[in-house]
Every structure is written in structure tokens, then in C-alpha cells.
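Reading through the C-alpha cells given below for one structure.
First listed ligand is number 1; within each ligand, the first listed atom is number 1.
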Amino acid sequence: MFNTVLLLSFLLLAVSGSSPRPEIQPRRCKCTSNDACWPSPAQWNELSRTLSHPVFDVLPIGYHCHEPHYNAALCAVVQENSANSIWRSDQPGAEQSDNWEFTAGSRCGITANRTTPCGQGRVPAVGVNATTELDVQRALRFAYERNLKVHVKNTGHDFLGRGLGPGSLMIWTHHFRYQRFDAQFRYATGQWANFPVVTVGPGLQWVDTYAFAAEHNVVVAGGIGPLGSVGSGGGWPLGGGHNILSSHLGLGADNVVEIDLVLPDGRLVTANPHINTDLFWAARGGGGPNFGIATRIVYQAHPITPLYASFFEALTNGTTAYIALLDLFHTSLPALADAGWCGYYPFQSPSYFALMYLLPNGNTTYGNATLGTFIHAASKIPGVYIRTDVTTTYPNYQSWFVANILDPVHVIGFNYTAGAAAGLGVETASWLLPRSLFTNKSSAHSMSEAIAAMPAGIGQHVGGGVVSSKSTDFNALHPTWRKTLVDISTAGEWTDAFNATAIQAVRQGITDQMAPFRALTPGNEGGQYLNEPDLLVPDYTRANWGTHYERLLEIKRMYDPTNQLLVVQGVGATDWDDEQICPIY
Ligand SMILES: Cc1cc2nc3c(=O)[nH]c(=O)nc-3n(C[C@H](O)[C@H](O)[C@H](O)COP(=O)(O)OP(=O)(O)OC[C@H]3O[C@@H](n4cnc5c(N)ncnc54)[C@H](O)[C@@H]3O)c2cc1C
Ligand SMILES: *[C@@H]1O[C@H](CO)[C@@H](O)[C@H](O)[C@H]1NC(C)=O
Ligand SMILES: *[C@@H]1O[C@H](CO)[C@@H](O)[C@H](O)[C@H]1NC(C)=O
Ligand SMILES: *[C@@H]1O[C@H](CO)[C@@H](O)[C@H](O)[C@H]1NC(C)=O
Ligand SMILES: *[C@@H]1O[C@H](CO)[C@@H](O)[C@H](O)[C@H]1NC(C)=O
Ligand SMILES: *[C@@H]1O[C@H](CO)[C@@H](O)[C@H](O)[C@H]1NC(C)=O
Ligand SMILES: *[C@@H]1O[C@H](CO)[C@@H](O)[C@H](O)[C@H]1NC(C)=O
Ligand SMILES: *[C@@H]1O[C@H](CO)[C@@H](O)[C@H](O)[C@H]1NC(C)=O
Ligand SMILES: *[C@@H]1O[C@H](CO)[C@@H](O)[C@H](O)[C@H]1NC(C)=O
């Protein structure tokens, strides 16, 4: 897999820039499966002959639940597994949230009347099961030469369904799986680094990579998701990537030390701090797949530490106590962060607040002197009742992950294995909250009121610490990430029974819930987490990247002059239609 000669030849190709770069062309619509320009079966067969797996027709997962292909046994399998996050990630036509598989006029529901036809919706027409660099290069080159609409899908966790698109060619990287450990990393350009690394192919999932890292006695910052199902090397690192420990380990994009990308024209390049530095900057935070398709991601690995863990739940008898509790928490948060605490605080208004908090290398005395002070003060607020206040120590991150995310029995906090984890209509909204909002009593209180006006959500205290220690231009991430303590997010959900008007109301609702947070961070002071994006967020380029957008657009024009890789809320997608098929003039 790591053939040095091959790798060097790729590097040389990239440096010499010998591959012809097309002139920026007059902008035109992408070719989709509805168009005469779409390749013929014979042309697809020709492509298949060059790939490790033949191209395939991508079927909606409800295909066998509808006439004329109805098959009771196959449909039952789909219905039984639909809520399983890992199962969904293995289906080429599925996203984790099924709303992205459908359009208003075309859907293939798994519980719909079998006599209704199965509509292809946003499920791509043709798929490439890419398991090697050459597969990705050949498929992308094939699409580039024909101006085909392309989508890149890995596990399908994207909260804007960016892995799918109607009438497109899907390059599916989920089976591109390998991982390797190096006790001391050497860049492809020859320099030695003084840290260990874990290298992954894009399609692995964090459940695999965490176990692999633990076997080598290191920890890597990774995504979580139900059952650890988020992909290890696709959208998570490219869009930022946070973890319950990221204030100690850094964000995913901060931990990437080298990356291989297949560029829109099919060239494979390596980017690191020594070569292709513009791409290296842009890929780390610019969002997938705006700058190419990642085929190898190298993560810095960290020494394992024991984790002192707190699980705390409080109930309140109404809004007054709820806001008082939130005020106390918000104003306590900077000191808790400085003490080393990090984690999540889910809430349900106006009566439920929880803390799932970790203190690396912590102990009871220090934990009680810091978090204990908050809990003690919380217990004194009239109308606040503490339901749970437990602490435990895990020998390392892997044991925390197994006990809290995978194990249905020994969990001390939420039961992540209970309930539907996937297969519903879900959209998100999020906002990054700078530390300065927590140190100011007035804005801290405004945030409490904003939370009390949300039905439910989660504060993710994943910033500060080492995230704040990087300079704002370290990579393409929104500069506000460096000041952020908390990523607050919420989700809107719906079922097949919702009509278009009702869905739009849910969408608008979550956008509106973030409005007070946006108001507290005028200009580029705040932003959204682009992997928890809000479809209706005002001015998405500023929300995703702040002042970094102009440089990203410049780099995009250099490496993707024909806009081969466009996705909703992507770099360069502002003047394209909702599916980025045709430019809007
Ligand atoms: C249930 C759930 C839990 C989550 N938990 C977390 C969490 O704990 N922390 C966190 O930070 N985020 C979390 N996320 C958000 C997650 O980080 C993003 O959805 C992320 O983009 C998923 O990447 P993926 O490759 O697994 O998914 P996909 O949906 O397959 O891909 C996501 C995006 O990346 C692009 N892409 C995929 N593969 C590649 C590739 N090889 N090269 C280039 N581009 C590619 C796709 O085109 C798409 O635009 C969660 C999401 C869900 C649904
Ligand atoms: C399914 O649709 C057919 C035709 O419209 C109708 O006759 C039948 O009653 C429906 N079945 C169910 C279970 O709704
Ligand atoms: C994709 O490739 C993997 C690995 O070879 C294989 O297990 C899987 O069945 C393939 N899927 C499709 C749809 O071709
Ligand atoms: C507890 O943790 C604090 C902070 O890290 C440390 O200063 C102290 O020595 C630790 N105490 C014990 C008994 O380990
Ligand atoms: C924790 O601190 C509180 C005061 O903040 C004190 O009342 C309590 O006894 C301490 N508990 C332990 C176990 O040290
Ligand atoms: C909540 O409880 C407090 C303390 O008992 C009490 O003073 C307050 O009136 C209660 N509020 C409501 C809304 O019941
Ligand atoms: C968690 O949920 C699973 C699935 O519903 C269940 O089997 C398990 O008993 C639950 N665990 C606890 C501790 O409640
Ligand atoms: C605190 O925040 C408020 C707005 O909520 C603002 O008017 C005030 O100037 C801030 N104070 C400081 C010291 O920054
Ligand atoms: C959509 O659903 C809502 C809520 O169920 C209902 O009030 C409304 O009339 C429906 N609208 C249409 C156009 O069917």
C-alpha cells in the first residue's frame, strides 16, 4: 500500500504541474443521467474494466418494498435494520437521515404502500465502489472528461446529505479501508516528525480506528456518533471534527499531518506542511469534498491518559430555576475549562440539564474542588433537584468509549444504544460560542435565555485548550474556532408523515433557535460548525469560514476550475442551483 516509488512519482507529478490545467470554461450545467450526454452502457462497461469493482446502479434502500420489485423478505430486512447506524452506512443508497434520499416529488419510503412506485429521489444513478487510489482517480477522471455531476459518499452521516445528488455518479469510499500505526512519523517528503501517527483510509469508522489506536497504546481524536459509526477519514476531519476530548487532543482538522487527495482532474497528490501547502491548508477545514477526494489521512496520535468522569443530571421546577442553573453553569464554564474539564451538556427545556464531563488525569480531590463547586452551588438554587451525581475513572479513552457508546449495560450516562439512532428525517443547526460570551454575565444570561427558548439541544464543550492554542490561520477552519469554548447544536426531526409545509416549519424553527446566538456574535465573531450545518443559515460562506472564505475560493479556482466537486454550502457553490447542477446567472 505504501510503495515509496509510486508515492514519489505522484509527488513529482504534483510538483511539476505537468498535467494540463483546463482554462476556466464558460459555466454550463453538469451532465446528469437525464441528459443525452450521460455515458452509454458500453462506456460505463469500459470504465468498469479499469476499476477493482464494476460500476453499479445505485438503488434506494426501499427498492424491494415497492412493485414491481416487491420482495417481502428483502423489504423486511430493510425495515428491521433501518434505524441501525452501521447497517445504513453499508448501504450505498442510504444516508443516516433518510430525508436526504428523497426529493419533494420522488421518494422510495420503506413503509409506504407497495403499490406506489419507488422514486429514485436524490439517490445517484451510478456508483463506483472505490477501494484503491486508482479507482478514485479513474472514476473522477472519467467524470471530469464528461462534465458529469459527481458526489462523494463515505458513511452518509452528512447533515446536508452531501454524499447524494439526483442523476449523479457516486464515488463511494466506504470500502476504502486500511489503517496503520507508526511510532515515529516520517512525512512522504522525507522529514521525520517527533510524534506517532495513525494512518487511515477514508472508509473506516471510528469504532474501528479507536480500537486500533488502543492496541498501539495511543489515542486519536475522532468522531463518535451511534456505535462509533462516523467515518475515520472522510467528512469528519475535512470539516473540522470534534470529539469529547478535543480541547485536550485538538480538532480532527488540527491533527491531520498529511493527506493524499485525488484532485478533480484525477491527479493524486500528497499535501503536508512541506508540499502542496495551499491544499494542505484548505483541505483541513474547507469541508469535504471541496478540494478533492481524500484517500489517505495521517493523524497525529497522543499518549493515553486515565479519564476522571462525571455524569450529572438536574431537574428544575420551571423556567426561573432552569435559567438560574444555566447562568451558574455558563459563568462557571471558563474556570471549569481552565481546570481541564470538557464534554457535553444536553438539555431539555425548561426542566432538564445534564453534564457528561471528562477530566483527563483527574482525581477526586481536584475534581470535587472544581466541578464539585458548581454542583454544590447548583444544589442551592431553589427549584433545582439533582437527580444524578456520579463520578468514575476510566483507565483510557477506549474504555470510556466502550462503556458509554457501545456497551448497553455498563453505561453510566445516556444509553446511546437505546432508541432509533438513524433512519429519520433529521436536520441540524449549530453555533460556535466564543469564551468571551461566558466571561460576561450579561451575555452569559442571554445564552441561558436562548437555551430556555429551545425545546432541546446539546452544548458541546469541545473548544478551548489546545484548540485555542493554534493560530487562526493554522488551517482553513473558521477563525472563530480558536476562541470557541462551546458548539451549541440542535436538531429538527420528522417522519414520513410530515408534508413539505410541516418540514419547512421544522427547518425554520431550528434556524430561528440559533438567532439569539448569532446576534451575540456580530460580524465574523461567531460561526456554525460546518459538519452540523443549518440548511437555512444566513450567509453560509461567512457562517462556515468567516474571513477564510476568500482564500478558500482562490484555492478552489486553482484546483477545481471547472467546479467538478460542488456540494450544498460548499466552497464555490454560492451561484449554483440547490443541487449544484446548473449555475444561476
Ligand atoms: C449521528 C451522528 C453523529 C455525529 N457525531 C459527530 C461527532 O461526534 N463529532 C463531529 O465532529 N461530527 C459528528 N457528526 C458529523 C460528522 O462529522 C459529519 O457528518 C461528517 O461529515 C461525516 O463524514 P463521513 O465521511 O462519515 O460521511 P459522509 O456523509 O459520507 O460524507 C460527509 C461529507 O464529506 C464528503 N466526503 C466523504 N468522503 C470523502 C472523501 N474520502 N474525501 C473527500 N470528501 C469526502 C462527502 O461528499 C460529504 O460532503 C455526526 C453526524 C451524525 C449523523
Ligand atoms: C395501497 O394502495 C392501493 C391502491 O391505491 C389500495 O387499494 C390499498 O388499499 C392500499 N393499501 C394500504 C395498506 O393502504
Ligand atoms: C464493494 O466492495 C466491497 C469490498 O470489496 C465489497 O465487500 C462490497 O460487496 C462491494 N459492494 C458493492 C455494492 O459493489
Ligand atoms: C489531583 O490532580 C491535581 C491536578 O492535576 C494534582 O495537582 C494533584 O496532585 C492530584 N492529586 C493526587 C492525589 O493525585
Ligand atoms: C466536595 O466539595 C464540597 C464543597 O464544594 C464539600 O462539601 C464536599 O465534602 C466535598 N466532597 C468530597 C468527597 O471531597
Ligand atoms: C420552584 O421551587 C422553589 C423552591 O421550592 C419555589 O420557591 C418556586 O416557587 C417553585 N417554582 C415553581 C414554578 O413551582
Ligand atoms: C440500553 O438500551 C438497550 C437497548 O434498548 C437495552 O438493551 C439496555 O438494557 C439498556 N441499558 C441500560 C443500562 O438501561
Ligand atoms: C457584555 O455583553 C454585553 C451584551 O450582552 C455588552 O453590551 C457589554 O459591553 C459586554 N461587556 C463587556 C465588558 O464586554
Ligand atoms: C401539512 O401538515 C400540516 C400539519 O399536519 C397540516 O396542518 C397542513 O394542512 C398540511 N398542509 C398541506 C398542504 O397538506
Donor-acceptor contact below 3.5 Å, side chain Q43 vs main chain S40:
yes

Take C65 and C108, measure what disulfide bond (SG atoms under 2.5 Å apart) needs, and give me the verdict at the end. CA-CA 8 Å; C65 300; C108 189; over 6 Å; no

Across all chains, not counting sequence neighbours, the side chain to side chain contact (heavy atoms under 4.5 Å, CB included) partners of A301 are P196, V198, V218, V220

Using distance alone, decide if ligand 3 has a nitrogen or oxygen within less than 3.5 Å of any nitrogen or oxygen in H53.
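There is such a contact, yes.
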
Is N129 close to ligand 3, meaning an N/O of one under 3.5 Å from an N/O of the other?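 Checking ligand 3 against N129, an N or O pair does fall under 3.5 Å apart.
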
Just to be sure I understand the cut-off, which residues have at least one non-hydrogen atom under 4.0 angstrom from an atom of ligand 9?
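The 4.0 Å shell around ligand 9 contains N499.
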
Does E67 have any salt bridge (Lys or Arg N to Asp or Glu O under 4.0 Å) partners at least two apart in sequence or in another chain, and if so, which?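 Testing E67 for salt bridge (Lys or Arg N to Asp or Glu O under 4.0 Å), a comparison that skips the adjacent residues, returns R114.
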
Is the H242 ring parallel, tilted or perpendicular to the Y529 ring (thresholds 30°, 60°)?
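Answer is tilted, since the angle falls between 30° and 60°.
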
So the ring-ring contact (aromatic ring centres under 6.0 Å, His included) pairs with at least one residue in residues 75-103 (sequence neighbours excluded) are none

One finds that the ligand 2 atoms under 4.0 Å from a non-hydrogen atom of T115 are 1 (C), 2 (O), 3 (C), 4 (C)

* Asked: How about W206 and Y397: are their ring centroids closer than 6.0 Å?
  ->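 They do not qualify: ring centres at least 6.0 Å apart.
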
